[in-house]
Student: 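One structure follows; several queries about it will come next.
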There are 2 protein chains.
Amino acid sequence: MKSAAKAQQADDSAETGAQQIRDAIREAIVERRLSPGTKLSESDVGNLFNVSRTLARAALQALSYEGLVSVEKNRGAFVAYPSPDEARQIFSARRLVEPGILREAAARITPGDIAHLRQLLLEEGRLMSERGQTARRAEIKASGDFHLTLAAISGNAIMQRFMEELVARSSLVIALYGQSTASSCGHSEHGDIISAIEVKELDRACQLMLHHIAHIEADLDLRERKSLGLKEAFEL
Amino acid sequence: MKSAAKAQQADDSAETGAQQIRDAIREAIVERRLSPGTKLSESDVGNLFNVSRTLARAALQALSYEGLVSVEKNRGAFVAYPSPDEARQIFSARRLVEPGILREAAARITPGDIAHLRQLLLEEGRLMSERGQTARRAEIKASGDFHLTLAAISGNAIMQRFMEELVARSSLVIALYGQSTASSCGHSEHGDIISAIEVKELDRACQLMLHHIAHIEADLDLRERKSLGLKEAFEL
DNA sequence: AGCGCCGAAATTGTATACGATCTTTTGCAC
DNA sequence: GTGCAAAAGATCGTATACAATTTCGGCGCT
């Protein structure tokens, strides 16, 4: 039950099948099974999920709104290829909002939430020690889930959705510009942040968060890739 | 050229006709020509703009993603009717991000930008003194444009889009829960914020911004409206 | 040989058609 | 007269069909 065309769980909140396709593609992008720049033709997507082009199109347009795919008029949809400038904006936005989310989350956090976060951390750590693509992908997802869970705890659905977008796009940026083979997030830093929240040291938690984001960003090599589609693209 | 079915300007960035419809409807919502809860059937929208249901649907789904309309499965799309809790979340989000945007904007602001902002303020003040629905609507838009322009100056396209969503949804909230007949924003407060930025008193500018948002929020009466669709709805 | 023009193939943009689901109304029984 | 049930109507969900645009290969011209 790990194939692309599964995900048949009839989530009641899902308004339509397009949501499922959207989620499946987003997951594939976030987990870096789909590389930036990959063309996502409506027909191909439709065939892949055994639905009509209509639904495929709807899913792609939704993803376009999230900034995960870029649709060019009469040319098609592609997995987003964030420019270095966009990458900077994404992390700038994260620096701007994550401390605020952290503060709100800390104000409403319950012991259960903390337990949940630690659970996530444990899982993340376990995946880090494992080998293989599958574990690596799960780790990427778990790493983002930490930030997402924090947003969920904040109780603000709007900020939560915004963070979902930022985390997803961050994954794209890291896929494009990340240098170290290590995953997206320093694992220990997550734990430090939880600890700081737990003892109500808000300012320190925010500092740690900013450090954490800076740490991720420092691993990037934000230089213009000359689109490399001339001939190098075929030498892999 | 103020009819609903105009907006024929072939913006090159517009990927399709659905964008135009989306923008037209959004404008109508923000300017409060469309009241919260109004049903937006796909057929009606399509007929209104002389396009097929396909495009109407695409536009409505895009607006759904922005939180301006809510689509209920197999029931249709409605102009969003934010709950008091959603309203609080919207303003909570604004309190969270607007100071940050302000700081970034202040760091990059040019004399030209300041002139532009003052121009906006002038226009806003002129509209305030005018009478009539048209002026009132233009004033609402101008009032939001101040915050949007600030976001644009910050140079972060992501935060700019986010602010667009927040401002638009704020307009809905004010339409629903606003008490004073006065428009959405205290006009003078905008001017104070610009002045504070101009003299590089960032902390004071942020304080003013927070005050400004609190001021808007204080004008709201965030109590559950019992959907009022029983009989009171016909007594107006 | 190189450059530019033209037509076929592919892909997206939009419309229409059909099926599913929900709402409303109507009619019957109690 | 009230209440429930079934059918009619309306609206959405999805698929298919057609039109417009782009892309790419080939042909002719310089």
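Each chain gets a letter, A, B and so on, in the order its sequence line appears, and its residues count up from 1.
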Student: Under 6.0 Å from the six-membered ring centre of B:Tyr65 and within 45° of its axis: does the NZ or CZ of A:Arg161 meet both?
Tutor: yes
Student: Let me know the distance between CD of B:Gln61 and P of D:dC12, rounded to the nearest Å.
Tutor: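 Those two atoms, CD and P, are 11 Å apart.
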Student: Do A:Ser43 and C:dT12 share a donor-acceptor pair, side chain to base, under 3.5 Å?
Tutor: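 No.
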Student: What's the CZ-C1' distance between A:Phe49 and D:dT14, to the nearest Å?
Tutor: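 From A:Phe49 CZ to D:dT14 C1': 16 Å.
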Student: Of the candidate nucleotides D:dG13, C:dG13, C:dA15, which contains the atom at the shortest distance from the side chain of B:Thr54?
Tutor: C:dA15
Student: Determine whether the side chains of B:Gln89 and B:Asp85 contain a donor N or O and an acceptor N or O closer than 3.5 Å.
Tutor: yes
Student: Would you please confirm or rule out a distance under 4.0 Å between OP1 or OP2 of D:dT23 and any side-chain N or O of A:Arg75?
Tutor: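 So the side chain of A:Arg75 is within the cut-off, an N or O lying under 4.0 Å from OP1 or OP2 of D:dT23.
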Student: Tell whether A:Ser41 reaches the base of C:dT12 with its side chain through a donor-acceptor pair below 3.5 angstrom.
Tutor: no
Student: Taking atom NE2 of B:His212 and atom CG of B:Leu102, what is their separation to the nearest 0.5 Å?
Tutor: 11.0 Å
Student: In whole angstroms, how far is the P atom of D:dT21 from the CG atom of A:Asn74?
Tutor: 7 Å
Student: Can you measure B:Glu42 atom CD to D:dA10 atom C1' for me and round it to whole angstrom units?
Tutor: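 To the nearest whole Å, that distance equals 12 Å.
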Student: Between C:dT12 and A:Lys39, is there an OP1 or OP2 to side-chain N/O distance shorter than 4.0 Å?
Tutor: yes
Student: Among the candidates C:dT14, C:dC22, D:dT16, find the nucleotide nearest to the side-chain atoms of A:Ser52.
Tutor: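 For the A:Ser52 side chain, the nearest candidate turns out to be D:dT16.
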Student: Pair A:Asn156, A:Gln160 - check side-chain hydrogen bond (donor to acceptor under 3.5 Å, both in side chains), show working.
Tutor: CA-CA 6 Å; A:Asn156 191 318; A:Gln160 187 177 352; over 6 Å; no
Student: Report the distance from atom CG of B:Asn47 to atom P of D:dC12, rounded to the nearest whole Å.
Tutor: 12 Å
Student: With nearest nucleotide decided by heavy atoms, which residue, A:Arg53 or B:Asp44, maps closer to the 5′ end of DNA chain D?
Tutor: B:Asp44
